[in-house]
Trainee: 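My structure is below; once you've seen it, I'll send some questions.
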Amino acid sequence: MSAYAGARLVPFWLDRPDAPAPAPPLTGDATCDLAIVGGGFTGLWASILAKQDDPARDVVLLEGDTVAFGGSGRNGGFVDASLTHGLPNGLARFPDEIDELERLGLENLAGIEETLERFSIDAAYEKTGFLLAAREPHEAEELSEFAELLRERGIDAEYLDQAAVRRELDSPTYIAGLWQRTGNAIVDPGRLAWGLARAASELGVRIHEHSPVTSLVDTPGGAELTVGEARLRARRVVLATNGFPPLVRAIRRYVVPVYDYVLVTEPLSAERRAAIGWAHRQGTGDCSNQFHYYRLTEDDRILWGGYDAIYHYGNAVAPRLEDRDATYSLLSEHFFQTFPQLEGLTFTHRWAGVIDTCSRFCVMWGTALSGKAAYAVGYTGLGVASTRFGARVALDLVDGLDTERTRLRFVRSKPLPFPPEPLRWAGIQLTRRALDRADRNQGRRGLWLRALDRLGLGFDS
Ligand SMILES: Cc1cc2nc3c(=O)[nH]c(=O)nc-3n(C[C@H](O)[C@H](O)[C@H](O)COP(=O)(O)OP(=O)(O)OC[C@H]3O[C@@H](n4cnc5c(N)ncnc54)[C@H](O)[C@@H]3O)c2cc1C
């Protein structure tokens, strides 16, 4: 029997007896100053920041399912200050702005911590640092250079040789590591989202769950949103719908929904913990193109996810796509290869979530309805922290403000769009295979990947 045979198909983070009761759906007609569509981190932060900017503003948040139904309740809970899906991606794409972007990222992280404090949100936020593990010689070399780069930028980062990395976390597959001690944390994302929803309500935001918006139309002086039989008239709209089918056509050109899969184990006994170490509880990941990410939960389970990033033809998003046995089987196999000491451990939870991949791997913004609506999408798998910044900028844009943020090329520019189907699907499959080949070939990037690199195009999770 497989180790995940008894695993429930539900995000561990949301499978709690103290999950809050859903807010009532929108029924009947209503008006507001600002409507926000999507109850993930982007939407929740947009609602909180809008109220903090102007407490008199009448803000309504509409969530199609329940708060944290999307990636926000399904992620690994790795909190990273980077706004650009990591420093190397930011350096490659925005070399002239990277210092400012790194500073804004740290300020954004401080803003998150300050909010947790101010609203007494207990989301198991732990400043453990992040451990990157190398399993191939070329990865060890890259980590050593990366540690240097991080240190030059004032980030506390230490390169670990094989003995040192295995003292932190003992896998026979590791040959080196890097421990980045600042600019990150781990969190329980479900409790974070629920805490933010409570904070938003306390600030006066009206939240409606089970309220899917099916249309958004331009009206004189604002917009009209349809939720079943109900209509909401808003002066301004922020769209925070991630990789879900968008209400604004332009988003579909830039964003592809990619399914990412996760397993969570039963809690580790003291003996099992001792067999692997992990005294410092760092968030951890390996550094191949197709990478795993893993961490301990508050009750000492291991969350293990990543590697397979599956795109379904036609930007498909549907609950049936979350149950992919081939991927859970592969993840389980990789888990026991990494930690053979844990043979016999079983998984209690399995799930998948949608990642809004765009070709530059980090958030992008846009406006619609002559500037009365703004969106922030495309976080590509690193949005737990950067969604707050995404929301901040979306508010700037929808209010027509000129700020240090809206002047950034990062904010003004767009990624290259993905081609329409069937080229979209074919291109992504080709790229996934090329990334896999590179991982098996000492990281050497073949012709296809080099051509994409030159175009500034890519596929990541
Ligand atoms: C498996 C997985 C692991 C990840 N791990 C990490 C990680 O460890 N660290 C990290 O930084 N990032 C991670 N991410 C990415 C991170 O979770 C996301 O970037 C972030 O949560 C995005 O938040 P969001 O609010 O933009 O989108 P979401 O959380 O997806 O929220 C969008 C919401 O909009 C709602 N919605 C959509 N359409 C409508 C509509 N028409 N009407 C009403 N509501 C609508 C949806 O129901 C959903 O709740 C991961 C993602 C996944 C899927």
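Quick note: numbers below take in every heavy atom, side chains included, and nothing from hydrogens, waters or symmetry partners. Just follow the structure's listing: the first ligand is 1, and inside any ligand the first atom is 1.
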Trainee: Can you classify the ring geometry of Phe78 versus Tyr293 as parallel (below 30°), tilted (30 to 60°) or perpendicular (above 60°)?
Mentor: perpendicular
Trainee: Tell me which residues fall inside the under-4.0 Å heavy-atom shell around ligand 1.
Mentor: Val37, Gly38, Gly39, Gly40, Phe41, Thr42, Leu62, Glu63, Gly64, Phe69, Gly70, Gly71, Ser72, Arg74, Asn75, Gly76, Gly77, Phe78, Ser211, Pro212, Val213, Ala240, Thr241, Asn242, Phe244, Asp260, Val262, Tyr293, Gly353, Val354, Ile355, Tyr379, Gly381, Leu382, Gly383, Val384, Thr387
Trainee: For Phe410, check ring-ring contact (aromatic ring centres under 6.0 Å, His included) against everything at least two apart and list the hits.
Mentor: Phe94, Trp365
Trainee: Flag this pair as yes if the NZ/CZ of Arg350 is under 6.0 angstrom from the six-membered ring centre of Tyr328 and inside a 45 degree cone about the axis; otherwise no.
Mentor: yes
Trainee: Return all side-chain donor-acceptor pairs below 3.5 angstrom for residues 45-53, not counting sequence neighbours, or 'none' if the list is empty.
Mentor:
{"unit_1": "Ser47", "atom_1": "OG", "unit_2": "Leu44", "atom_2": "O", "d": "2.7"}
{"unit_1": "Lys51", "atom_1": "NZ", "unit_2": "Pro55", "atom_2": "O", "d": "2.9"}
{"unit_1": "Lys51", "atom_1": "NZ", "unit_2": "Arg57", "atom_2": "O", "d": "2.6"}
{"unit_1": "Asp53", "atom_1": "OD1", "unit_2": "Arg392", "atom_2": "NH1", "d": "3.2"}
{"unit_1": "Asp53", "atom_1": "OD2", "unit_2": "Arg392", "atom_2": "NH2", "d": "2.7"}

Trainee: For the residue pair His292 and Trp304, categorise the inter-ring angle as parallel (less than 30°), tilted (30 to 60°) or perpendicular (more than 60°).
Mentor: parallel
Trainee: Please identify each residue that fulfils salt bridge (charged side-chain N to carboxylate O under 4.0 Å, His left out) with Glu421, with sequence neighbours left out.
Mentor: none
